[in-house]
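Remember, it's a predicted structure, so these values are computed and weren't measured experimentally.
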Amino acid sequence: MLKIKSRKIKAGIMLFIVPALLIYVVFQIIPIIGAVFFSLVDWNGIAGSDMTFVGLKNYIDAFHDPDVILSLKNMAKMVIVSVLFHTPIALLMAVAINSKCRGYRVFKALFFVPTVFPLTAVGLMWYFIFMPTGAFNALLQTVGLDNLVTSWLVNESTAMNTIVFVNVWAGVGYYMVILLAGLTTIPEDLYEAAAIDGASAVQRFFNITIPNLKPIISMCVMMDIIGSVKVFDLVFAMTQGGPNGLTNLPTTLMYNEAFKYSHYGLGSAIGILIMVICTVATFASNFVSAKVGKED
């Protein structure tokens with residue numbers, strides 16, 4: 001009887017697992033296998049056209065392509081700036097809101113609003129703000145700073161920096177909510193005991209808040225790295241990779257190569273490169289997090 005019940009339980013568990021497993025295989029594993037295959041061929045992406053096996057040629061061409069190298073540099077800038085600003089700013093905002101200062105609910109809603117909108121809508125909004133005749137240049141002219149007026153999304157020295165700024169602005173609220181949830185798990189007794197011992201607010205922040213939030217901070221950094229590597233819609237909505245490809249990220253370059261220039265094999269190779277970068281970043285973040293956890 002026990003064996004029969006055990007088999008029924010296992011069968012029931014499989015019934016729950018199989019649908020999710022099928023979805024994962026169909027929408028994750030099969031596309032990855034397809035992308036690997038297409039990255040090894042020369043094909044224009046049109047059904048019925050000739051497909052020539054070229055091996056690793058697409059990968060070699062990618063690493064010798066100045067546009068790919070530039071997109072990787074842009075991605076590195078996006079990742080570094082996002083990691084340096086997203087979590088620290090979000091943590092300060094979360095601590096301020098968690099202190100329940102006057103109007104904290106309003107500030108919480110305002111800070112979280114950018115996260116509610118799709119990045120495409122956010123990109124279009126900031127495009128209209130930073131366009132040559134947009135609101136930002138109009139504001140600079142109004143306050144007498146005409147010498148600072150420029151085409152922010154066209155100027156080579158400002159285009160990528162502007163996109164990076166918008167990415168930081170759009171993501172802070174998301175990480176703020178995660179860290180705010182983490183702050184609620186820290187016992188108030190710790191803060192009260194530290195205050196009785198004479199610890200200042202800054203000392204309580206560095207000696208209680210940050211140590212207790214280390215796992216969540218590590219998770220935020222990992223999510224931030226992966227999210228920054230995969231940014232597409234923001235850049236596509238604001239510049240489509242322009243001017244002259246100077247704001248391309250690997251994601252936008254992949255799209256352009258595969259669907260705009262009909263270099264489907266090269267586009268697939270760039271897609272596999274993005275997947276490898278995300279995988280390496282995930283394992284590296286997990287390794288660092290585990291090492292930090294052991295040291296604690």
Side-chain angles (χ1 to χ4, degrees), residues 27 71 74-75 77-98 101 103-140 150-155 158-184 216-217 219-243 246-256 259 274 278 281:
F27 293 102
S71 72
N74 290 338
M75 181 195 71
K77 176 186 276 191
M78 180 79 80
V79 170
I80 292 170
V81 174
S82 295
V83 170
L84 288 177
F85 287 94
H86 267 155
T87 302
I89 294 174
L91 179 58
L92 293 175
M93 290 163 54
V95 169
I97 291 174
N98 193 56
C101 58
Y104 76 94
R105 288 189 178 87
V106 175
F107 288 113
K108 182 179 178 180
L110 289 175
F111 293 151
F112 187 67
V113 161
T115 309
V116 176
F117 298 107
L119 276 179
T120 304
V122 171
L124 287 173
M125 179 188 74
W126 283 100
Y127 167 76
F128 288 115
I129 291 174
F130 282 119
M131 63 189 298
T133 56
F136 189 63
N137 280 339
L139 175 63
L140 292 175
T150 186
S151 300
W152 298 95
L153 296 174
V154 179
N155 193 316
T158 60
M160 193 63 213
N161 292 332
T162 302
I163 292 174
V164 171
F165 161 77
V166 174
N167 183 61
V168 172
W169 177 87
V172 166
Y174 177 75
Y175 297 104
M176 178 203 71
V177 171
I178 295 175
L179 291 165
L180 188 59
L183 286 172
T184 60
I216 297 176
I217 291 174
M219 182 189 70
C220 288
V221 171
M222 182 183 70
M223 293 171 61
D224 200 3
I225 293 172
I226 297 172
S228 298
V229 169
K230 297 193 300 181
V231 168
F232 169 80
D233 32 15
L234 189 66
V235 178
F236 195 79
M238 294 182 71
T239 64
Q240 294 188 7
L246 290 177
T247 59
N248 262 328
L249 295 176
T251 49
T252 55
L253 187 61
M254 173 189 68
Y255 173 87
N256 288 332
F259 302 109
I274 295 170
C278 288

- Query: Testing I226, D224, I225 for side-chain contact (heavy atoms from CB on, under 4.5 Å) with S228, which one passes?
  - Reply: D224
- Message: For L234 versus I163, what's the shortest heavy-atom pair and its separation?
- Response: CD2-O, 4.1 Å
- Query: Is any side-chain heavy atom of P118 less than 4.5 Å from a side-chain heavy atom of D233?
  - Reply: no
- Straight-line distance of M93 CE to F112 CZ, nearest 0.5 Å: 11.0 Å
- Item | Nearest non-hydrogen partners of W169 and V122, listed with the distance | CZ3-CG1, 3.8 Å
- Message: Contact between N161 and K77 at the side-chain level, heavy atoms closer than 4.5 Å - yes or no?
- Response: yes
- Message: Walk me through whether Y175 and M223 qualify under side-chain contact (heavy atoms from CB on, under 4.5 Å).
- Response: CA-CA 9 Å; Y175 297 104; M223 293 171 61; 4.3 Å; yes
- Query: Can you name the side chain to side chain contact (heavy atoms under 4.5 Å, CB included) partners of N74, sequence neighbours left out?
  - Reply: L70, M160, L249
- Message: Return the CG to CD1 distance between L183 and I216, rounded to the nearest 0.5 Å.
- Response: 7.5 Å
- Item | Heavy-atom side-chain proximity of T247 to M238 below 4.5 angstrom | no
- Give the minimum heavy-atom separation between Y174 and T115, together with the two atoms involved. N-OG1, 3.1 Å
- Go through F130 and T158 one step at a time and tell me if the side-chain contact (heavy atoms from CB on, under 4.5 Å) criterion holds. CA-CA 11 Å; F130 282 119; T158 60; over 6 Å; no
- Query: Can you tell if the side chain of V235 reaches within under 4.5 Å of the side chain of N248, non-hydrogen atoms only?
  - Reply: no
- Item | Side chains of V81 and L84 in contact at under 4.5 Å (non-hydrogen atoms) | no
- Message: Could you check whether any side-chain heavy atom of C278 comes within less than 4.5 Å of a side-chain heavy atom of K230, counting everything from C-beta outward?
- Response: yes
- Item | Nearest heavy-atom neighbours spanning T252 and F236 | CG2-N, 4.3 Å
- Item | Min side-chain heavy-atom separation F232-M254 under 4.5 Å | no
- Identify the heavy atoms of M78 and N167 that sit nearest to each other, and give their distance. SD-ND2, 3.3 Å
- When every non-hydrogen atom of V83 is compared with those of P88, the smallest separation belongs to O-CD, 3.7 Å
